[in-house]
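As the structure is a computational prediction, the values presented were derived from the model and not from experiment.
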Amino acid sequence: GMPAYSATSLSGADLEVMAAYLQGLKTTPKPTAEELAALARLTYDSSIPSSEVLKGKATLRRSCGACHTQPTREEIVHAFSTDAQASGLVAQMVRETNLSLEDARAIAYYVLAIRNGADPLRRRDSLRE
C-alpha cells in the first residue's frame with residue numbers, strides 16, 4: 001500500500017518521475033515448482049565457499065532487514081531442528097515475497113552453515129573443518 005498524497009505534496013512532474021522510476025524497476029520472475037522444490041531440499045554442504053555463505057548473510061540483512069532484525073547464531077540454531085526446516089522456510093519466503101531464487105539460495109547457504117555449526121568468518125577459504 002502506497003500512502004496517500006495530496007496534489008500539494010507531489011506535483012504532476014513529481015508523479016511522472018515516480019512513474020518512470022517504478023516502471024524501470026526489475027521484477028523478479030517467480031521460480032518454477034521444480035526450482036522451489038530443489039531450494040527446499042538444500043542441505044548443509046561444507047564445500048560451499050565461505051564467500052558464498054557470507055553473501056547470504058548480507059543478502060539476509062538487505063532483503064529482510066527492513067522488517068526483521070538479523071537473527072543471531074543462537075536464534076538460527078534453535079529455530080531449526082533440521083536442514084529441511086531451514087531450507088523449507090527459505091523456499092516459503094520465495095513463494096510469498098519477491099525474493100529472487102539467487103538471493104534465496106545465498107540465504108539458505110548462510111542459515112544452513114550456521115545451523116550446522118560452521119563459522120564462515122573463521123575460515124575464509126571454505127567451510128571445511
Side-chain angles (χ1 to χ4, degrees):
M2 187 170 166
Y5 66 93
S6 68
T8 59
S9 64
L10 290 174
S11 68
D14 291 335
L15 290 173
E16 287 179 26
V17 169
M18 186 185 329
Y21 170 77
L22 292 172
Q23 289 172 343
L25 290 176
K26 290 191 257 179
T27 57
T28 303
K30 287 296 179 186
T32 65
E34 293 82 18
E35 290 170 322
L36 286 172
L39 181 62
R41 287 190 306 271
L42 283 180
T43 59
Y44 173 64
D45 180 351
S46 63
S47 70
I48 300 294
S50 62
S51 60
E52 285 298 308
V53 174
L54 292 173
K55 178 182 171 187
K57 181 178 184 177
T59 302
L60 180 64
R61 181 177 296 133
R62 184 187 74 243
S63 299
C64 307
C67 300
H68 305 280
T69 59
Q70 181 91 8
T72 65
R73 174 178 294 278
E74 293 76 24
E75 289 171 331
I76 291 171
V77 169
H78 293 293
F80 307 109
S81 60
T82 65
D83 284 0
Q85 284 181 334
S87 57
L89 177 63
V90 174
Q92 180 182 348
M93 290 166 39
V94 173
R95 280 191 297 275
E96 296 177 3
T97 69
N98 65 345
L99 186 65
S100 73
L101 195 58
E102 178 184 350
D103 285 349
R105 267 194 213 98
I107 291 171
Y109 292 150
Y110 171 69
V111 171
L112 290 167
I114 297 302
R115 197 197 88 62
N116 284 277
D119 185 352
L121 292 175
R122 192 177 321 176
R123 299 209 27 133
R124 291 274 201 201
D125 53 332
S126 75
L127 291 176
R128 286 192 180 104
E129 301 191 285

- Message: Closer than 4.0 angstrom, basic N to acidic O: yes or no for Glu102 and Lys55?
- Response: yes
- Query: Less than 4.5 Å apart, any side-chain heavy atom of Arg105 and any of Glu52?
  - Reply: no
- Query: Does any N or O in the side chain of Asp103 come within less than 3.5 Å of the main-chain N or O of Thr59, such that one atom is a donor and the other an acceptor?
  - Reply: no
- Quick one: CD on Gln92 to CG on Leu36, what's the gap to the nearest 0.5 Å? 11.0 Å
- Task: Side-chain contact test, heavy atoms from C-beta onward, threshold under 4.5 Å: evaluate it for Leu39 versus Glu35 and give yes or no.
- Result: no
- All heavy atoms of Pro120 vs all of Ser50, minimum pair found to be O-CB, 3.6 Å
- Note on the structure: Interatomic distance, CD@Glu74 vs CD1@Ile114, rounded to 0.5 Å, equals 10.0 Å
- Would you mind reporting whether Cys64 and Thr97 have side-chain heavy atoms less than 4.5 Å apart? no
- So, Asp45 side chain and Ser47 main chain: donor-acceptor pair closer than 3.5 Å or not? yes
- Using atom types as modelled and distance alone, determine if a side-chain donor or acceptor of Glu75 lies under 3.5 Å from a backbone N or O of Thr72. yes
- Query: Name the one of Val90, Val53, Leu54 that satisfies side-chain contact (heavy atoms from CB on, under 4.5 Å) with Tyr110?
  - Reply: Val53
- Task: Taking all heavy atoms of Tyr44 and all of Ala118, pick out the closest pair and write down the distance.
- Result: OH-CB, 3.6 Å
- Message: Check whether Glu96 reaches the backbone of Met93 with its side chain - one donor and one acceptor, N or O, closer than 3.5 Å.
- Response: no
- Message: For a 4.5 angstrom cut-off between non-hydrogen side-chain atoms, does Leu112 reach Leu42?
- Response: yes
- Query: With side chains defined as the heavy atoms from C-beta onward, is the minimum distance between Pro31 and Val94 less than 4.5 Å?
  - Reply: yes
